[in-house]
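Count residues from 1 along the sequence. Values reported hereafter were calculated over all heavy atoms of this structure, with side chains retained and with hydrogens, waters and symmetry mates removed.
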Amino acid sequence: RPADSGSDVTLWVAGVPDDMHCVVTLTSDGHAPQVIADWTAEYESSVTFTAVIAAAPAEVTRIRFRAADGRTLLDLPITA
């Protein structure tokens, strides 16, 4: 959703295996990819992240979840 400095982003993630290190990046038009979450799951469960990004909501083009070894776990293209 829009925010004074860009956008507020809230993500809810479930099903990450225990002890897996994950990084979530967000890509937007005119901005470098931005890490919005970086964590190691302590047990298989769910987690919610909130971040503020520089881009406006309409500029967001992709959200990508990766394992620490670089494998893409989930790649979500965003269309307006």
Side-chain angles (χ1 to χ4, degrees):
R1 70 176 192 247
D4 291 339
S5 59
S7 303
D8 289 330
V9 176
T10 301
L11 297 172
W12 178 76
V13 180
V16 177
D18 182 31
D19 205 36
M20 177 172 274
H21 185 129
C22 296
V23 177
V24 181
T25 58
L26 186 141
T27 303
S28 56
D29 291 335
H31 300 275
Q34 184 175 351
V35 174
I36 60 171
D38 185 337
W39 84 101
T40 300
E42 294 179 7
Y43 52 89
E44 191 166 337
S45 178
S46 65
V47 64
T48 301
F49 296 99
T50 301
V52 175
I53 61 168
E59 296 174 325
V60 175
T61 59
R62 180 173 307 280
I63 298 173
R64 182 172 287 148
F65 293 76
R66 292 188 181 205
D69 63 7
R71 287 179 298 135
T72 297
L73 303 172
L74 182 62
D75 188 18
L76 299 170
I78 308 295
T79 58

Could you check Asp29 against His31 for side-chain contact (heavy atoms from CB on, under 4.5 Å), going step by step and ending with a plain yes or no? CA-CA 6 Å; Asp29 291 335; His31 300 275; over 6 Å; no

Flag side-chain contact, heavy atom, 4.5 Å: Val16 against Cys22: yes

side-chain contact (heavy atoms from CB on, under 4.5 Å) with Thr61: which of Leu76, Leu26, Ile78, Thr27? Thr27

Within a strict 4.5 Å, meaning less than it, do heavy atoms of the Met20 and Leu73 side chains meet? yes

Any Leu11 side-chain heavy atom under 4.5 Å of Ile36 side chain: yes

Side chains of Val52 and Val9, heavy atoms from C-beta outward: is any pair under 4.5 Å? no

Heavy-atom side-chain contact between Gln34 and Thr25 under 4.5 Å: no

Under 3.5 Å side-chain donor-acceptor pair for Asp38 and His21: yes

What closest approach, in Å, do Ser28 and Ala55 show between heavy atoms, and which atom pair accounts for it? OG-CB, 3.3 Å

Show your working on side-chain contact (heavy atoms from CB on, under 4.5 Å) between Arg62 and Asp75 and close with a plain yes or no. CA-CA 7 Å; Arg62 180 173 307 280; Asp75 188 18; 2.9 Å; yes

Under a 4.5 Å side-chain heavy-atom rule over Ile, Leu, Val, Met, Phe, Trp and Tyr, are Ile63 and Val23 clustered together? no

Taking it one step at a time, do Phe65 and Val13 satisfy side-chain contact (heavy atoms from CB on, under 4.5 Å)? CA-CA 10 Å; Phe65 293 76; Val13 180; 3.4 Å; yes

Examine Trp39 together with Phe49 and report whether their ring centres are nearer than 6.0 Å. yes

